[in-house]
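A, B, ... follow the sequence lines: proteins, then strands. Residue 1 opens every chain.
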Protein chains: 2
Amino acid sequence: MLNQPTVNLALVDDHKLFRKGLISLIELVSTKYHILFEADNGVDLQQKIDPKKLPDIILMDVNMPKMDGFASVEWLTEKYPSIKVLVVSMVEKEETIVKMLKLGVKGYLCKDVEPKELGEALEAVNNKGYYYTDFITGKLVHSLQNGNAEKQKELEINPINNQEKQFLELACSELTYAEIADKMCLSPKTIDGYRNSLFEKLKVKSRVGLVLFAIKNRMVNWDYV
Amino acid sequence: MLNQPTVNLALVDDHKLFRKGLISLIELVSTKYHILFEADNGVDLQQKIDPKKLPDIILMDVNMPKMDGFASVEWLTEKYPSIKVLVVSMVEKEETIVKMLKLGVKGYLCKDVEPKELGEALEAVNNKGYYYTDFITGKLVHSLQNGNAEKQKELEINPINNQEKQFLELACSELTYAEIADKMCLSPKTIDGYRNSLFEKLKVKSRVGLVLFAIKNRMVNWDYV
DNA sequence: AGTGGCAACGGGAAAAAGCCTATTATTTGT
DNA sequence: ACAAATAATAGGCTTTTTCCCGTTGCCACT
């Protein structure tokens, strides 16, 4: 029997039951994988990661409290670019997938794939360095064709600032703009300005548009979950 | 060694990877559990359930496409009241838990519990018929104290009808009421009426309130996932 | 035939949202 | 120190939303 090298993994997902299940499945797939550590979210990951013993591959969720998948991957590529990230998420939205790919993840799996595919993905990422299925390529191509790139570009040039962010959160409530102005200790006219600039940046036409954007991008933290 | 009786389980969850992981964990906990079948959602459950060989316990997710946990449990208690339902969900919202308990589920687990607790819950539901942790009782008591019961009662007396539902969906967009009226081939004044009656029923004060309600209650089907 | 409920519609008005075009501080770069 | 950029603010105006009250036509019940 060949003595194959161990592949060190880390899991970042806020649901322990899912993590444990995943580990159990990975153990069934092959004995060469070793789970270095698990983390609940990005902050937890930052605390648990050991520079002297880095994982080869990180299985990463997208939606997590405190620090989500996007921020975590951004931090990882900045700090430990050698680590390969494989996203395992329930989100199948094109926007999310494209965003993650742009951040440089090595693969994207949906939580409804067969355990077998998880094994193949790990294998591929480990050997080839990436695992991109037709599913992902399809989403990517579609995204390019339908160019939602403009909104993204607009946001890259003109990112929403903290004030606007705070306003956006308050806009996702039944408060009137006057009341929001009050809460933020600003003139209603300033709020007017925030609204208009956000309309521009987010390419929306109404307050409902703001709310929908905020929710789609998980910028509201009502106990969603 | 005692020959313990087999406990038949069924799993209803839209994420195959989670299901498989769960099965793997259950097998580790005890050999007495046997997985009769898995289903992706309520509709799938209705197709796969066999009246001649019913499961003892069903592990049920809440948010699923086509037919969610609420509808599934409702259908189950109507059709097969003897089956005990144990909810396993990532949702920790009081509203959801209370709603599920009202529907008569035998237990509610969050997806971030230890695998050990899953075993205990299965054990408890199987033997005692229920598994209610302090976490759940706490939510329940809090709900009673803060009486969100009124909105619920209002909705039970005055359920939202199909027209209002359709309007509500359209209201979750950047269309103006005039445009919605157009789409629904009705006078703007009728739309006015729908809005007002929904304001009343849902206890909201603005269009944003409508949107938030619709989203919280998963009444919008933008590719959420 | 009369009564009551109800969904669809209309008039009218106040409040809020949305849209311009400026003006005034406050930073910021050089 | 000075020009440029940016944040906060204002005036004034249109459109949309929100609200209150009244009317009409339809259906069911007795």
Side-chain angles (χ1 to χ4, degrees), chain A residues 150-151 153-217 219-220 222, chain B residues 150-151 153-217 219-220 222:
Chain A
E150 287 128 45
K151 182 189 279 189
K153 198 171 285 173
E154 172 79 30
L155 272 180
E156 275 161 26
I157 300 167
N158 264 329
I160 56 184
N161 60 41
N162 273 343
Q163 294 274 17
E164 286 168 345
K165 202 173 204 166
Q166 198 194 336
F167 159 72
L168 187 51
E169 279 176 34
L170 290 171
C172 294
S173 74
E174 294 199 285
L175 297 171
T176 67
Y177 288 131
E179 288 166 334
I180 293 175
D182 223 53
K183 280 221 172 194
M184 291 180 70
C185 296
L186 290 168
S187 146
K189 286 298 176 179
T190 309
I191 294 302
D192 231 53
Y194 290 167
R195 173 166 41 71
N196 289 332
S197 80
L198 278 179
F199 275 17
E200 183 92 5
K201 289 179 188 175
L202 309 181
K203 304 268 179 257
V204 299
K205 294 194 298 286
S206 67
R207 181 157 174 184
V208 173
L210 289 183
V211 174
L212 295 179
F213 175 90
I215 289 169
K216 277 187 193 164
N217 291 75
M219 303 186 74
V220 263
W222 63 16
Chain B
E150 286 128 46
K151 183 190 278 190
K153 198 171 285 175
E154 173 79 29
L155 272 181
E156 276 161 26
I157 300 169
N158 263 330
I160 56 184
N161 60 43
N162 273 341
Q163 293 274 34
E164 286 168 345
K165 201 172 202 167
Q166 198 194 336
F167 159 72
L168 187 51
E169 279 177 34
L170 291 171
C172 294
S173 75
E174 294 199 285
L175 298 171
T176 67
Y177 287 131
E179 288 166 335
I180 292 174
D182 224 52
K183 279 222 174 194
M184 291 180 71
C185 297
L186 290 169
S187 148
K189 285 299 177 177
T190 307
I191 294 303
D192 230 55
Y194 290 168
R195 173 167 40 70
N196 288 332
S197 81
L198 279 179
F199 275 19
E200 182 92 5
K201 289 179 188 176
L202 309 181
K203 303 271 178 253
V204 300
K205 295 194 295 288
S206 68
R207 182 159 172 180
V208 173
L210 289 183
V211 175
L212 295 178
F213 176 89
I215 290 168
K216 278 186 193 162
N217 291 77
M219 303 186 73
V220 263
W222 64 14

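Here B:Arg195 lies in heavy-atom contact (under 4.0 Å) with a base. The residue A:Thr176 sits close only to the backbone: its heavy atoms come under 4.0 Å of sugar-phosphate atoms, none of a base.
Map B:Lys189 and B:Gln163 each onto its nearest nucleotide of DNA chain C; the residue landing nearer the 5' end is B:Gln163.
Rounded to whole Å, the distance from CG on B:Leu210 to P on D:dC19 is 10 Å. What separates OH of B:Tyr177 from P of C:dA15 is a distance of 18 Å, to the nearest Å. Between B:Asn196 atom CG and D:dT17 atom C1' there is a gap of 10 Å when expressed in whole angstrom units. Rounded to whole angstrom, the span from the CZ atom of A:Arg207 across to the P atom of C:dG18 amounts to 8 Å. Per the geometry, CD belonging to A:Glu174 stands 13 Å off P belonging to C:dA16, to the nearest Å. The distance between atom CG of B:Asn162 and atom P of C:dA8, rounded to the nearest whole Å, is 12 Å. The interatomic distance linking A:Met184 (CE) with D:dT9 (C1') rounds to 14 Å, in whole Å. Rounded to whole angstrom, the span from the CG atom of B:Asn161 across to the P atom of C:dA8 amounts to 8 Å.
Among the nucleotides C:dA8, D:dT9, C:dA17, the one closest to any side-chain atom of A:Leu186 is D:dT9. Distance from the side chain of B:Tyr194 is smallest for C:dA8 among the nucleotides D:dT9, C:dG10, C:dA8.
One finds a side-chain N or O of B:Ser187 lying less than 4.0 angstrom from the OP1 or OP2 phosphate oxygen of C:dG10.
Each of B:Leu186, B:Leu210, B:Thr190, B:Asn161 was evaluated against B:Phe167; a single residue qualifies, B:Leu210, per the side-chain contact (heavy atoms from CB on, under 4.5 Å) test.
Side chain of B:Asn196 to main chain of B:Asp192: a donor-acceptor pair is present (N/O by atom type, distance under 3.5 Å, no hydrogens or angles). Formation of a donor-acceptor pair under 3.5 Å by the B:Glu164 side chain with backbone atoms of B:Tyr194 is not found in this model.
Atom CD1 in A:Ile191 sits 8.0 Å away from atom CD in A:Gln163 (nearest 0.5 Å).
Two residues are said to be in side-chain contact when any heavy atoms from C-beta on lie closer than 4.5 Å; A:Arg207 and A:Arg195 fail this criterion.
For a distance-only test at 3.5 Å, the side chain of B:Asp192 qualifies as a donor-acceptor partner of the base of D:dC19.
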